[in-house]
Number of protein chains: 2
Amino acid sequence: MERPRPGVRGRGAAHDERRSAILDAVFTIVDTEGAEQVSIRRVAERARVSVGRVQHYFPTKDDLLTAAFTAVNDLGASRVHENLRTADNADDPATVLHAMLSELIPATDDDRRLFRVMQAFETHALTRPHLNDRIKRRYEELAGLVALLLHRNAGTRPDSTASASLSRAHELLALTIGLAGLTLTGSITPQQAQHIARTRLDAVLAEASGR
Amino acid sequence: MERPRPGVRGRGAAHDERRSAILDAVFTIVDTEGAEQVSIRRVAERARVSVGRVQHYFPTKDDLLTAAFTAVNDLGASRVHENLRTADNADDPATVLHAMLSELIPATDDDRRLFRVMQAFETHALTRPHLNDRIKRRYEELAGLVALLLHRNAGTRPDSTASASLSRAHELLALTIGLAGLTLTGSITPQQAQHIARTRLDAVLAEASGR
DNA sequence: ATCAAATCAATACGATCGTACCGATCAGGT
DNA sequence: ACCTGATCGGTACGATCGTATTGATTTGAT
């Protein structure tokens with residue numbers, strides 16, 4: 001009875017599920033107690049798992065944190081790409097932009113959790129050049145995407161001397177990121193943030209069409 | 001010779017200087033190695049000071065971190081209020097707004113250091129409701145100030161149903177915060193950030209005047 | 001001159017940390 | 001049937017952690 005059920009050992013024993021369960025424990029600790037409270041033992045305890053198992057999947061603490069960082073980054077990226085697939089490029093770029101920027105603002109409690117963890121890892125990455133590069137690339141990718149959609153909306157070719165519209169894209173991205181931050185601290189509500197982002201996006205879109 | 005010079009012990013022995021020297025060591029560690037690397041011993045070592053002295057000024061680690069949090073917050077606030085004093089309310093609100101938002105974007109290397117530390121403590125505060133309230137209040141104060149200056153620029157009274165201009169203030173504040181974040185990660189240069197913020201602020205000011 | 005308080009340096013203690021290691025167990029290929 | 005490797009639990013080790021404590025030293029008030 002106290003013996004583990006068969007199937008928990010050996011080669012193909014639900015590797016990915018166990019792995020992500022451990023990472024989820026990391027997220028929970030980061031979200032509720034802060035990144036500096038993450039230790040192998042606490043993660044194991046939170047995941048209801050032995051220390052040895054955590055070590056097996058993530059030999060060092062740095063491996064664990066890097067994997068967690070990668071996981072949150074992918075989670076955030078998949079949120080955006082999900083929207084890009086459902087509202088495919090058949091739709092008009094304005095709709096896609098609306099959906100995309102909305103995904104960058106935490107609305108539900110689950111969103112808040114994800115964004116808090118993302119901010120924690122972003123701060124963690126500030127002192128790790130290797131991780132910081134990934135954040136930088138992620139933002140550059142997002143900005144490029146916004147610029148592309150702006151061009152598609154205006155009917156112009158997104159080729160040379162796109163600095164003007166990249167500037168616009170950076171503005172929209174920065175605005176959204178800042179709104180997400182203000183939402184996380186509780187300075188504004190998610191509804192206010194959504195409204196401000198949407199209003200500004202509409203203005204940018206209208207201005208580009210009117211030219 | 002190896003004895004400490006007189007004046008280092010006893011009652012009024014440069015209390016504040018020693019205190020802030022310790023806090024500065026905290027900032028350096030947070031900036032270069034991350035917040036989770038802060039320990040009493042490392043702080044003492046970095047400040048070239050004994051562990052006992054750190055303990056004397058900050059009995060517990062939480063006291064130390066809270067004091068450091070307060071210090072960075074005050075440092076950031078003094079940057080803004082400094083500008084509000086030099087360019088007093090005699091100047092036109094547009095100039096004050098320009099200067100104010102500029103101070104919220106890191107330009108020099110010292111700025112980068114300060115902003116990295118601020119972001120670290122902001123993240124640290126996310127899981128501490130008591131500290132998070134201070135951040136929230138700080139942002140609300142900034143937003144209120146921006147809204148007031150916007151009103152003063154437009155010549156309207158900043159009284160009832162100010163939700164519209166508070167929205168504009170939130171937009172400008174969020175944009176600036178987001179630009180600061182993008183600057184910290186290296187996605188954009190401080191010059192780009194300054195340009196985007198300035199352009200948007202000018203547009204908001206012009207729009208308000210034209211109405 | 002005396003004394004209480006301020007100001008440290010030094011040390012010690014228990015807890016927790018990251019990690020290495022060992023042995024048991026199980027799956028899948030041979 | 002056997003064996004290799006994946007998978008895990010348990011434990012131990014050295015380092016570091018936060019903090020308490022003790023005693024020395026100095027200052028400023030009396």
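Numbered from 1 within each chain, the chains take letters A, B, ... in sequence-line order.
- In this entry the distance linking CG of B:D62 with C1' of D:dC17 reads 15 Å, nearest Å.
- Among the protein residues, A:V43 comes within range of no part of the nucleic acid, since none of its heavy atoms lies under 4.0 Å from any strand.
- Rounded to a whole Å, the CZ atom of A:F58 is 16 Å from the C1' atom of C:dT19.
- For D:dT7, the OP1/OP2 oxygens have a side-chain nitrogen or oxygen of A:H56 closer than 4.0 Å.
- Taking every heavy atom of both residues into account, B:S78 and B:L75 meet most closely at OG-O, 2.8 Å.
- Atom-to-atom, CZ of B:R41 to C1' of D:dA20 comes out at 12 Å; the value is rounded to the nearest Å.
- Distance CD (A:Q55) to P (D:dG10): 13 Å, rounded to an integer number of Å.
- Residues B:R79 and B:D111 are paired through a salt bridge, judged by an N-O separation under 4.0 Å between the basic side chain and the carboxylate.
- For D:dT16, neither phosphate oxygen OP1 nor OP2 lies less than 4.0 angstrom from any side-chain nitrogen or oxygen of B:S39.
- Atom pair B:Q37:CD and C:dG18:P shows a separation of 11 Å (rounding to whole Å applied).
- At the heavy-atom level, A:V54 lies nowhere under 4.0 Å from the strands shown.
- Rounding to whole angstrom units, CD of residue A:E45 and P of C:dT16 are separated by 10 Å.
- At least one side-chain heavy atom of B:L23 sits less than 4.5 Å from a side-chain heavy atom of B:L64.
- B:R18 has a side-chain polar atom (N or O) that falls below the 4.0 Å cut-off from OP1 or OP2 of C:dC8.
- With respect to B:K61 and A:E36, no salt bridge is recorded, no charged nitrogen being found less than 4.0 Å from a carboxylate O.
- At whole-Å resolution of the value, CD1 in A:I40 and C1' in D:dG10 are 16 Å apart.
- Phosphate proximity of D:dA6 to A:Y57: absent, as no side-chain N or O sits under 4.0 Å from OP1 or OP2.
- Toward the 5′ end of DNA chain C lies the nearest nucleotide of A:V38, the other residue of the pair A:V38 and A:G52 mapping further downstream.
- Between A:K61 atom NZ and D:dT16 atom P there is a gap of 14 Å when expressed in whole angstrom units.
- Salt-bridge annotation for B:R113 and B:D24: present, with a side-chain N of the basic residue lying under 4.0 Å from a carboxylate O of the acidic one.
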